[in-house]
Amino acid sequence: MLTTFLHKTLGLLSSTNPNLRAPLAIILGAIPGALSRYYLTLLFARWLGTGFPYGTFFINVTGAFIMGFFVTFTLDRMLTSPDLRLLVAVGFLGSYTTFSTYALDTSALLKTGSQGLALTYWLGSALMGFVGLEIGSFLARKIP
């Protein structure tokens, strides 16, 4: 299903005016990225509550992992077009992950007097995001 979507999308992009290709690729990736972020945030809140921003934490860590994997895998092997890189890295992952929500969630935790949770979230997101990126990049290099 994802492969079919990408093939149709890239087909559409290849027949598009070259000046519109990059913005169109970004838009086509941003819509599912933003919707994924929204629904995952709701799902995590339903599952685990709202005392900690579990959804944003999960999204930022997995987004960093996917970014590390995708960029390493595609650039090292030159397997993808610039349009697909824009669609996934800038469009999808740019709207899927969110630093602004991370900052807002940290501020909200501080305002509720949860300094320990705020510090854990603030440092944990950065650390786990970096670890996720490195693991994704490592795994991409291991694929023959």
Side-chain angles (χ1 to χ4, degrees), residues 1-14 16 19-112 114-144:
M1 184 169 138
L2 178 61
T3 331
T4 305
F5 169 75
L6 291 175
H7 284 295
K8 286 183 181 182
T9 301
L10 292 175
L12 171 69
L13 290 174
S14 65
T16 303
N19 294 328
L20 297 176
R21 286 173 66 157
L24 187 56
I26 294 166
I27 289 166
L28 291 171
I31 293 168
L35 290 172
S36 296
R37 179 179 60 170
Y38 174 72
Y39 286 113
L40 280 170
T41 301
L42 291 179
L43 182 67
F44 273 89
R46 203 171 302 134
W47 282 351
L48 303 171
T50 58
F52 184 82
Y54 296 104
T56 305
F57 184 81
F58 174 82
I59 288 161
N60 285 337
V61 171
T62 58
F65 169 81
I66 295 166
M67 182 70 82
F69 184 89
F70 177 78
V71 169
T72 301
F73 187 77
T74 58
L75 290 180
D76 283 0
R77 292 167 175 77
M78 296 190 194
L79 291 178
T80 189
S81 71
D83 294 332
L84 182 60
R85 284 194 298 273
L86 285 173
L87 186 142
V88 174
V90 178
F92 181 81
L93 291 172
S95 65
Y96 174 70
T97 61
T98 171
F99 187 77
S100 57
T101 303
Y102 159 71
L104 181 65
D105 289 340
T106 303
S107 176
L109 287 169
L110 286 171
K111 288 177 183 171
T112 63
S114 303
Q115 287 84 4
L117 275 178
L119 182 62
T120 299
Y121 178 66
W122 181 66
L123 288 173
S125 292
L127 178 64
M128 294 304 294
F130 175 74
V131 168
L133 183 112
E134 291 299 319
I135 291 171
S137 182
F138 172 79
L139 291 175
R141 285 188 205 99
K142 294 297 179 188
I143 295 175

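Under the side chain to side chain donor-acceptor pair (under 3.5 Å) criterion, Ser125 pairs with no residue, sequence neighbours left out. Qualifying side chain to side chain donor-acceptor pair (under 3.5 Å) partners for Tyr121, counting only residues two or more places apart in sequence or in other chains: Asp105. Residues forming a ring pair (Phe, Tyr, Trp, His ring centres under 6.0 Å) with Phe69 (at least two apart in sequence, or on another chain): Phe73. Residues that satisfy the side chain to side chain donor-acceptor pair (under 3.5 Å) test with Ser107, not counting sequence neighbours, are absent from this structure. Partners of Ser114 according to the side chain to side chain donor-acceptor pair (under 3.5 Å) rule, which considers only residues two or more places apart in sequence or in another chain, are Thr112.
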Practice task
Step by step, work out the side chain to side chain contact (heavy atoms under 4.5 Å, CB included) result for Phe130 and Glu134.
Solution key: CA-CA 6 Å; Phe130 175 74; Glu134 291 299 319; 3.7 Å; yes
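Sorted by first and then second residue, the side chain to side chain donor-acceptor pair (under 3.5 Å) pairs with a member in residues 29-55 read Arg37-Thr98; sequence neighbours excluded.
The CZ atom of Phe58 sits 9.0 Å away from the CG atom of Leu43 when rounded to the nearest 0.5 Å. Summarising the geometry, atom CE belonging to Met128 is positioned 12.5 Å from atom CG belonging to Leu133; distances are rounded to the nearest 0.5 Å. Here the CG-CZ distance, from Asn60 to Phe65, works out to 15.0 Å after rounding to the nearest 0.5 Å. Note that the OG1 atom of Thr120 and the CG atom of Leu127 stand 11.5 Å from one another [nearest 0.5 Å].
Taking each heavy atom of Ala30 and Ser95 in turn, the nearest pair found is O-OG, 2.8 Å. Pairing each heavy atom of Leu93 with each of Ala89, the nearest pair is CB-O, 3.5 Å. Closest approach of Phe70 to Leu84, counting heavy atoms only: CZ-O, 4.0 Å. Residues Thr97 and Ala64 share a closest heavy-atom pair of CG2-N, 4.5 Å.
Side chains of Leu109 and Trp122 form no contact here, defined as non-hydrogen atoms less than 4.5 Å apart.
Using a distance-only test at 3.5 Å, with no hydrogens or angles considered, a donor-acceptor pair links the side chain of Thr106 to the main chain of Tyr102.
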